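All figures in this text were calculated on a predicted structure; none of them were measured in a lab. Lettering follows sequence order; numbering is per chain, from 1.
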2 protein chains.
Amino acid sequence: MAGIRVEAPKSRPVLGRRAVISREDLIKAAVRLVGPNRSVSTLSLREVARQAGIAPNSFYRHFRDVDELAVTLVDEAGRALREIIGEARQRAESGRSVVRSSVEVFMKQLDADEPFLPLLLREGTVGSPAFKAAAERQLQYFEEELQADLVRLAALRGETMVSPHLVAKAVTRLVFTMGSSLLDMPREQHDEFRESLVIMIRMILTGAEVMARGIELGNHRGPSRQ
Amino acid sequence: MAGIRVEAPKSRPVLGRRAVISREDLIKAAVRLVGPNRSVSTLSLREVARQAGIAPNSFYRHFRDVDELAVTLVDEAGRALREIIGEARQRAESGRSVVRSSVEVFMKQLDADEPFLPLLLREGTVGSPAFKAAAERQLQYFEEELQADLVRLAALRGETMVSPHLVAKAVTRLVFTMGSSLLDMPREQHDEFRESLVIMIRMILTGAEVMARGIELGNHRGPSRQ
DNA sequence: CAAGAATATATACAACTGTATATTAAATGG
DNA sequence: CCATTTAATATACAGTTGTATATATTCTTG
């Protein structure tokens with residue numbers, strides 16, 4: 001894990017001035033304050049400073065305001081995403097179900113003591129334009145990588161995928177929103193969750209394939225306009 | 001629309017005491033303050049009171065605290081959902097594509113000057129346990145209604161749907177999260193959005209149907225364990 | 001090592017917050 | 001109609017907030 005490690009603050013002698021305050025100190029402090037019951041949008045500059053054990057004014061040495069810090073938190077979550085994608089690709093070589101192993105990687109990452117990704121999954125739909133754009137960037141990144149993988153895997157089967165962009169978008173959206181639900185879920189429901197998500201993803205992939213082949217099914221396809 | 005109508009505050013003589021303050025005054029004031037760039041979790045009691053043109057202490061006559069008001073906002077959004085479902089069912093009789101017409105109803109409602117539903121789509125993943133539970137209730141409600149409809153429509157075709165619960169969940173999650181994206185989208189992209197969402201939903205429905213029939217496709221089904 | 005630059009803290013200010021208590025005005029019921 | 005109850009406002013308090021300016025300490029460089 002190449003991102004920022006967040007641990008409990010070390011007890012520090014409260015005498016005088018600190019030598020140097022790093023940007024990471026503030027990032028760590030902030031992410032310790034947010035969670036399922038506390039939105040990043042409610043953070044105050046002073047409480048972040050307090051959590052970091054610094055004077056409020058030092059905050060301005062690293063961030064223009066709390067919103068800029070929030071954007072940074074989202075960007076940090078992007079690292080966790082890259083980790084997921086990397087490992088999922090590694091596991092895709094193992095001959096097991098790509099969907100299942102990818103879901104497992106995703107869930108494992110959410111189980112890990114990595115605090116940035118949950119924030120991304122939970123937030124990103126309300127906030128400053130910069131904050132929302134940052135979250136959207138991560139979503140886009142995940143979509144594009146997934147799309148590339150879907151196309152590649154289809155090619156390995158000697159097929160051409162139709163609408164890979166929409167497939168990737170649907171899967172990404174589903175996985176992100178289901179991921180945010182997982183965060184609040186008791187552990188004993190995790191197996192059931194995994195099975196459900198695997199099936200849902202397979203529905204999308206299977207449906208996409210059938211639609212690409214122009215196979216006629218049911219009537220939810222609408223008037224014959226294929 | 002049987003819910004609370006929200007309009008600009010009427011200019012009020014700022015002389016002395018108001019006759020009676022209604023709960024709806026506060027609800028309307030609150031929803032006027034939230035939006036794409038402002039989370040409900042950042043609302044203060046005093047600013048809601050200010051927006052409603054009342055003294056802060058009057059707030060306590062109707063709500064215990066701002067969180068209770070936030071829960072009420074989510075419950076109000078449930079009314080908009082019921083409207084969508086009702087109209088989508090009406091249109092389902094018209095012989096057109098159920099998926100397309102339902103997406104159109106959904107989008108029309110988001111276009112309407114109805115402020116509660118956007119809040120539900122944007123928020124609901126961070127906040128107090130009560131707030132999150134309120135949002136989850138609405139999601140559950142939508143899922144259950146959709147599931148019932150899917151089962152009914154399948155029966156009309158003389159079929160039995162497999163995993164209607166998962167299909168409904170996948171579609172609901174997708175629609176809600178895509179809906180929140182629509183809120184920030186320029187109008188000229190709405191047509192494309194609608195087409196994309198229709199296709200995505202069809203992928204899920206088609207995939208579910210194929211999987212139910214046990215049709216073998218590609219290898220993203222995993223090792224043959226059907 | 002020492003002087004100067006950079007940086008962390010202290011102090012200050014004005015504004016905001018939630019909530020308690022007191023006061024005043026509208027509603028209610030006989 | 002009037003006395004009482006109910007409800008809206010005013011005032012107060014203690015705490016918080018972001019940010020500006022002053023002060024003190026650490027870092028850097030020659």
What is the distance, rounded to the nearest whole Å, between atom [atom1] of [X] and atom [atom2] of [N]?
| X | N | atom1 | atom2 | result |
| --- | --- | --- | --- | --- |
| A/Arg23 | C/dA8 | CZ | P | 14 Å |
| B/Arg50 | D/dA8 | CZ | C1' | 18 Å |
| B/His62 | D/dT6 | NE2 | P | 16 Å |
| B/Ile21 | C/dT24 | CD1 | C1' | 14 Å |
| A/Glu47 | D/dG15 | CD | C1' | 14 Å |
| A/Ile54 | D/dT26 | CD1 | P | 16 Å |
| B/Asp67 | C/dT17 | CG | P | 17 Å |
| B/Phe59 | D/dT9 | CZ | P | 14 Å |

| said: Evaluate B/Arg173 against A/Ser181 for side chain to side chain donor-acceptor pair (under 3.5 Å), listing each step before the verdict. | reply: CA-CA 10 Å; B/Arg173 294 296 176 144; A/Ser181 300; 2.8 Å; yes
| Given the rule in the salt bridge (Lys or Arg N to Asp or Glu O under 4.0 Å) test, do B/Asp111 and B/Lys108 qualify, once you have shown the distances and angles that lead to the verdict? | CA-CA 5 Å; B/Asp111 273 349; B/Lys108 190 184 89 177; over 6 Å; no
Listing, residues 161-172 of chain B side-chain donor-acceptor contacts under 3.5 Å, not counting sequence neighbours, or none:
from: B/Thr172; atom 1: OG1; to: B/Ala168; atom 2: O; distance (Å): 2.7

Write down the protein N/O and nucleotide N/O pairs, taken from nucleotides 25-28 of chain C, whose separation is under 3.5 Å; answer none if there are no such pairs.
from: C/dA25; atom 1: N3; to: B/Arg17; atom 2: NH1; distance (Å): 3.0

| Looking for any heavy atom pair under 4.0 Å, which part of the strands does B/Ser44 touch: base, sugar-phosphate only, or nothing? |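 Since only primed, P, OP1 and OP2 atoms lie under 4.0 Å of B/Ser44, the category is sugar-phosphate.
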| Derivation and outcome, side-chain contact (heavy atoms from CB on, under 4.5 Å), residues A/Arg137 and A/Val74 | CA-CA 9 Å; A/Arg137 272 198 306 272; A/Val74 171; over 6 Å; no
| query | Will you find, in the side chains of B/Arg202 and B/Ser97, an N or O donor that is under 3.5 Å from an N or O acceptor? | reply |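 On atom types as modelled, these side chains qualify, holding a pair under 3.5 Å.
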| field | Spacing of B/Leu174 atom CG and B/Met178 atom CE [to the nearest 0.5 Å] | value |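 It is 6.5 Å, given to the nearest 0.5 Å.
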| Intermediate values then yes/no, side chain to side chain donor-acceptor pair (under 3.5 Å), B/Glu136 and B/Gln140 | CA-CA 6 Å; B/Glu136 181 64 29; B/Gln140 284 287 340; 3.3 Å; yes
| said: For a salt bridge (Lys or Arg N to Asp or Glu O under 4.0 Å) check, start with the C-alpha distance between A/Glu145 and A/Arg89, then their side-chain angles and the critical distance, and finish with the verdict. | reply: CA-CA 10 Å; A/Glu145 295 297 313; A/Arg89 281 176 176 163; 2.7 Å; yes
What protein N or O atoms touch nucleotides 19-23 of chain D N or O atoms at under 3.5 angstrom, if any, and at what distances?
from: D/dT19; atom 1: OP2; to: A/Tyr60; atom 2: OH; distance (Å): 2.4
from: D/dT19; atom 1: O5'; to: A/Tyr60; atom 2: OH; distance (Å): 3.2
from: D/dT19; atom 1: O4; to: A/Arg46; atom 2: NH2; distance (Å): 2.6
from: D/dA20; atom 1: N6; to: A/Asn57; atom 2: OD1; distance (Å): 3.3
from: D/dT21; atom 1: O4; to: A/Asn57; atom 2: ND2; distance (Å): 2.8

| request: Could you please spell out the steps behind the side-chain contact (heavy atoms from CB on, under 4.5 Å) verdict for A/Leu69 and A/Phe59? | output: CA-CA 10 Å; A/Leu69 171 58; A/Phe59 183 95; 3.9 Å; yes
